[in-house]
K.L.:
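Sending over a structure as structure tokens; questions will come in a sec.
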Protein chains: 2
Amino acid sequence: MAISSRLSVAIHILALLEVNKGTRMTSEFIASSVNTNAVVVRRIMGMLNKAGLVTTNPGVAGASLTRPISQITLLDVYRAVEGEGCDHLFSIHEKPNPKCLVGRNIQGALESKYSQAQSAMENELQKITMDQVVMDILKDAQAAPSN
Amino acid sequence: MAISSRLSVAIHILALLEVNKGTRMTSEFIASSVNTNAVVVRRIMGMLNKAGLVTTNPGVAGASLTRPISQITLLDVYRAVEGEGCDHLFSIHEKPNPKCLVGRNIQGALESKYSQAQSAMENELQKITMDQVVMDILKDAQAAPSN
DNA sequence: ACAACTGTAACTAAAATTATTATAGTAATG
DNA sequence: CATTACTATAATAATTTTAGTTACAGTTGT
């Protein structure tokens, strides 16, 4: 199964915060750009807040980034929205038969291999910063300006 | 969300086929090592068969590997059991607002970044072969022999 | 005080995974 | 050649996760 779209929505939110840095956006406004419900936005914004990536003020619109987007990596965002789920990208079947040689040792063998693949992915996410994403978005905007 | 345990079960099955190469194992026997239902084993075995990794004979027990396990990578197995799902490891939210600069361009930006991370993971899976997994299993067996 | 928000909890709906039941078909064996 | 043991697969159910929605309490600024 795929990784949930929370990461994509979170990146979308952070990009909006950067691009519209001056203005105070409501969760309703952000939701209309993402095309989802405002509660979903607030839920994810809450995770970004808890992870220390944004600052929010209860009751008042307009979240803000806590640091320059060049210092926010996709790994930061991924961990913010996936929480504990980050630890195990690959699921391992539970309780294989300990009476069987393979059943007894498969879990350990899988864990060591899986962690290699997972680390490779995380390292790549860490290399990508939010400002690269924003640049991509703005670059496309120059090619086809309509703002 | 995490990647389904089908990959883990498939690896378990292939390891069993290698370790017990001489004998003809029934799906019931394999299921008891994995600790699941025999139908689950046959379903996954069917995927491995369709992907050309094993040969099965309808009605008769005992699947066999089509090539040496040193030539089966975890990426082969991953693709066999995840099928189309492999294409998009990360989900992207649908229909962001085209009237918004960010909404208009976010999907393209995400796709290019995500494919970097996904490729990094797949490259790592490709580097790991089934015989490394089997060696891990047998190595543990030497340390704590009970067979 | 009021209006406009945010922060959450609770509930619903939809999708995916795994387990299970059931059925049809293949093949080796006595 | 009928019986037995097994595979292949469809259909169903149970469980889990995600995303959308409703509801409401709390905060802020006017």
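The shown structure was predicted, so the numbers you read here are calculated from the model rather than taken from an experiment. Values below: all heavy atoms of this structure, side chains included; hydrogens, waters and symmetry mates excluded. Labels below follow one simple rule: chain letters A, B, ... track the order of the sequence lines, proteins then strands, and each chain is numbered from 1.
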K.L.:
Mind checking the CG-NE2 spacing from A/Leu110 to A/His88? Nearest 0.5 Å is all I need.
P.N.:
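If we round to the nearest 0.5 Å, A/Leu110:CG and A/His88:NE2 are 11.5 Å apart.
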K.L.:
For B/Asn20 and B/Thr23, test the side chains for any donor-to-acceptor distance below 3.5 angstrom and give the result as yes or no.
P.N.:
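Per modelled atom types, B/Asn20 and B/Thr23 side chains form no pair under 3.5 Å.
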K.L.:
In whole Å, I'd like the distance from the CG atom of A/Asn49 to the P atom of D/dT27.
P.N.:
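After rounding, the gap between these two atoms is 16 Å.
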K.L.:
Does B/Arg43 contact C/dA19 through a side-chain donor or acceptor facing the base, at a distance under 3.5 Å?
P.N.:
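A donor-acceptor contact between them is present.
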K.L.:
Side chain of B/Val40 only, heavy atoms from C-beta on: which candidate in C/dT6, C/dT20, D/dT18 is closest?
P.N.:
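Shortest atom-to-atom distance from the side chain points to C/dT20.
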K.L.:
Distance alone, cut at 3.5 Å: any donor-acceptor contact between the side chains of A/Tyr114 and B/Ser8?
P.N.:
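B/Ser8 and A/Tyr114 do have a side-chain donor-acceptor pair below 3.5 Å.
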K.L.:
Is a side-chain N or O of B/Asn35 found less than 3.5 angstrom from the main chain of A/Pro96, in a donor-acceptor match?
P.N.:
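No: the side chain of B/Asn35 does not pair with the backbone of A/Pro96.
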K.L.:
Once you round it to whole Å, what is the distance between P of D/dA8 and CE of B/Met45?
P.N.:
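Atom CE in B/Met45 sits about 8 Å away from atom P in D/dA8.
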K.L.:
Roughly how far, to the nearest 0.5 Å, is the CD atom of B/Glu18 from the CD1 atom of B/Ile137?
P.N.:
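Atom-to-atom, B/Ile137:CD1 and B/Glu18:CD are 10.5 Å apart.
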K.L.:
Write down the protein N/O and nucleotide N/O pairs, taken from nucleotides 23-30 of chain C, whose separation is under 3.5 Å; answer none if there are no such pairs.
P.N.:
none

K.L.:
Between the side chains of A/Gln71 and A/Thr129, is a donor N or O closer than 3.5 angstrom to an acceptor N or O?
P.N.:
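A/Thr129 and A/Gln71 do not have a side-chain donor-acceptor pair below 3.5 Å.
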K.L.:
Once you round to the nearest 0.5 Å, how far does OG of A/Ser112 lie from CD of B/Gln132?
P.N.:
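Output value for this atom pair is 9.0 Å.
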K.L.:
Which residues in residues 73-83 of chain A have at least one heavy atom lying under 4.0 Å from any atom of DNA chain D?
P.N.:
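Close to the strand, none.
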K.L.:
Among residues 23-31 of chain B, which contact DNA chain D at a heavy-atom distance under 4.0 Å?
P.N.:
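Residues of residues 23-31 of chain B under 4.0 Å from DNA chain D: B/Thr26, B/Ser27.
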K.L.:
Is there a side-chain contact between A/Ser5 and the phosphate of D/dA19, meaning an N or O under 4.0 Å from OP1 or OP2?
P.N.:
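Result: yes.
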K.L.:
Could you state the NE2-C1' distance from A/His93 to C/dA19, rounded to the nearest angstrom?
P.N.:
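Distance check: A/His93 NE2 to C/dA19 C1' gives 15 Å.
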K.L.:
Going by distance alone, is a donor N or O of one side chain under 3.5 Å from an acceptor N or O of the other, for A/His12 and A/Ser33?
P.N.:
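There is such a pair (donor and acceptor under 3.5 Å, judged by atom type) between the side chains of A/His12 and A/Ser33.
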K.L.:
Expressed as a whole number of angstroms, how long is the span from B/Asn37:CG to D/dA11:C1'?
P.N.:
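In whole Å, D/dA11 C1' and B/Asn37 CG are 14 Å from each other.
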K.L.:
Give a yes-or-no answer on whether the side chains of B/Glu111 and B/Gln107 include a donor-acceptor pair shorter than 3.5 Å.
P.N.:
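The answer is no; no qualifying pair exists.
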K.L.:
Ignoring backbone atoms, establish whether A/Ser4 has a side-chain N or O less than 4.0 Å from OP1 or OP2 of D/dT17.
P.N.:
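Checking A/Ser4 against D/dT17: no side-chain N or O falls below 4.0 Å of OP1 or OP2.
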K.L.:
Are B/Val34 and B/Phe29 co-members of a hydrophobic cluster defined by side-chain heavy atoms under 4.5 Å apart?
P.N.:
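Yes, B/Phe29 connects to B/Val34 through the hydrophobic network.
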K.L.:
Rounded to whole angstrom units, what separation is found between the CD1 atom of A/Ile3 and the P atom of D/dT17?
P.N.:
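Computing the A/Ile3:CD1 to D/dT17:P distance gives 16 Å.
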K.L.:
Where each residue is assigned the nucleotide of DNA chain D containing its nearest heavy atom, which of B/Ser91 and B/Thr56 is assigned the position nearer the 5′ end?
P.N.:
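So the residue in question is B/Thr56.
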K.L.:
Between B/Lys50 (NZ) and D/dA8 (P), how many Å, whole number?
P.N.:
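Rounded to whole Å, this separation is 11 Å.
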K.L.:
Is B/Arg79 salt-bridged to B/Asp87, cutoff N-O under 4.0 Å?
P.N.:
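No salt bridge links B/Arg79 with B/Asp87.
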K.L.:
Take A/Gln118 and A/Glu122, measure what side chain to side chain donor-acceptor pair (under 3.5 Å) needs, and give me the verdict at the end.
P.N.:
CA-CA 6 Å; A/Gln118 181 176 329; A/Glu122 292 179 355; 3.1 Å; yes
K.L.:
Quickly work out the A/Met47 CE to C/dT6 C1' distance and round it to whole Å.
P.N.:
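The distance from CE of A/Met47 to C1' of C/dT6 comes to 16 Å, rounded to the nearest Å.
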K.L.:
Expressed as a whole number of angstroms, how long is the span from B/Glu94:CD to D/dT18:P?
P.N.:
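It works out to 17 Å between those atoms.
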